[in-house]
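Have a look at the structure below, then the notes.
Atoms within each ligand, like the ligands themselves, are counted from 1 in listed order. Note that the numbering runs from 1 along the sequence shown for the chain.
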Amino acid sequence: MRHLLAVSDLSRADVDRLLDLTDAFAEVGRRRVPKVPALQGRTVTWLFYEDSTRTRLSFEQAAKRLSADTLNFSVSSSSVRKGESLRDTVETIEAMGVDAIVVRHGSSGVPAQIARWVSASVVNAGDGWHEHPTQALLDCYTIRAHLGGLDGVRIAIVGDVAHSRVARSDVWAFALMGAEVTLVAPPTLLPPSVEGWPVRVGHDLDAVLPDVDVVYLLRMQRERMTEALVPSLREYSARFGLTGRRVEHMGDKALVMHPGPMNRGVEIAADVAELPRSVVVDQVRNGVAVRMAVLFELLGSGPIRPGGPG
Ligand code: CP
C-alpha cells in the first residue's frame, strides 16, 4: 500500500492484515512506555482544512508512538490564509521532507488529487461526503474486539447517511468483512440513490432494533445541510434518536457506536452514551492503534517482525 484513500481500494485481506497489526500496536499502547522505534527517521505531517479532535490527535499520538518525527501544520495560521493554493501548499510541505501527509478537506477527492502531486504517502482523514477510511477501520476493529468478528453481524447505521463520509466508508468496510448492513433514516437523510450499495434500507428504527447486533448512530451534520431536511431536531429525535426506552428493545449484547462528536439529546440520549454497551470511548482508544497500523503499513520497511513491532 502506498496511500490510504478509500475503503473501496482495500481487499478483505488488506483489512484483516491491518486489524491484526492493530492488535500488535494496541498491545504497545498498554505498555508502561507505549513507544516503539518502528518509524524512526520518518516524518509525518497533517493538512486539516476542516476541524477535528479525534482524527487529528490520534494520528499525532500514533506517529509519536511509532517514533516518527511530526511536522505540525495548522491551516488557520498558515499562508493558506494569504491565498496560497492547495498545490503550492502541498509542494512546499513536501520540499521540507515528509514521508506521509494526513489530509482532511471539505471537498471530496482532495486527498486523491494530492496523492497525484506528491511522492509522499497520503492518508485520507475525511474528504467531504466521500470517505473516512481510518474511521471505518477503527469501527471494524472495535466490533471485532467486542463481538469476535464481523461475519454475519447485523449492523444498523442510523441517521444522516446523506452527508456522512463515515457511513460511506463503514458500509463498504462492514460488508467487505461479512456484516449485514441496514440503513435507517428518513428518506430526506438518505442519498438520492443507494443502488449498488450492499445494504437494506428501513425507515422505522423501532422495527429494526430487536434484530441487530450493533446500532451505529450518525451525527446530524447540520453544517453540511443546505435546507431543512427534517421538520425539527425534536421530531427527528423522537423518531430516530436512541433513547433509554429504545435501548430496552435491543439484544442484551448489542452495541451502541458513534463516530463522534455526539449531539447528545439529538441522535443519542445523554444517558445512553454512558451505558456499558456504548463503546464510543473504545472507538476513540482503538483509533490510535489503527492509525499506528496504517502509518506502519505505509511507511514501515517490510512486514512486521514475528513477536510484535517493538
Ligand atoms: N470521528 C471523527 O472523525 O471525529 P473528528 O472530527 O473529531 O476527527
Who are the residue neighbours of ligand 1 when the rule is a heavy atom under 4.0 Å from any of its atoms? S52, T53, R54, T55, R104, H132, Q135, P259, G260

Name all residues meeting the salt bridge (charged side-chain N to carboxylate O under 4.0 Å, His left out) criterion together with R264; count only those two or more places apart in sequence or in a different chain, and write none if there are none. E274

Give every residue pair that meets the side chain to side chain donor-acceptor pair (under 3.5 Å) criterion with at least one member in residues 169-180, sequence neighbours excluded. E131-S169, D170-Y216

Could you give all pairs that pass the side chain to side chain donor-acceptor pair (under 3.5 Å) test and reach residues 246-257, with sequence neighbours left out? D206-R246

Only one of D23, D282, T22 clears side-chain hydrogen bond (donor to acceptor under 3.5 Å, both in side chains) with Y141; which? D23

Classify the ring geometry of Y49 against H105: parallel below 30°, tilted from 30° to 60°, perpendicular beyond 60°. tilted

Quick test of your reading of the model: are R168 and D127 salt-bridged, counting only N-O distances below 4.0 Å? no

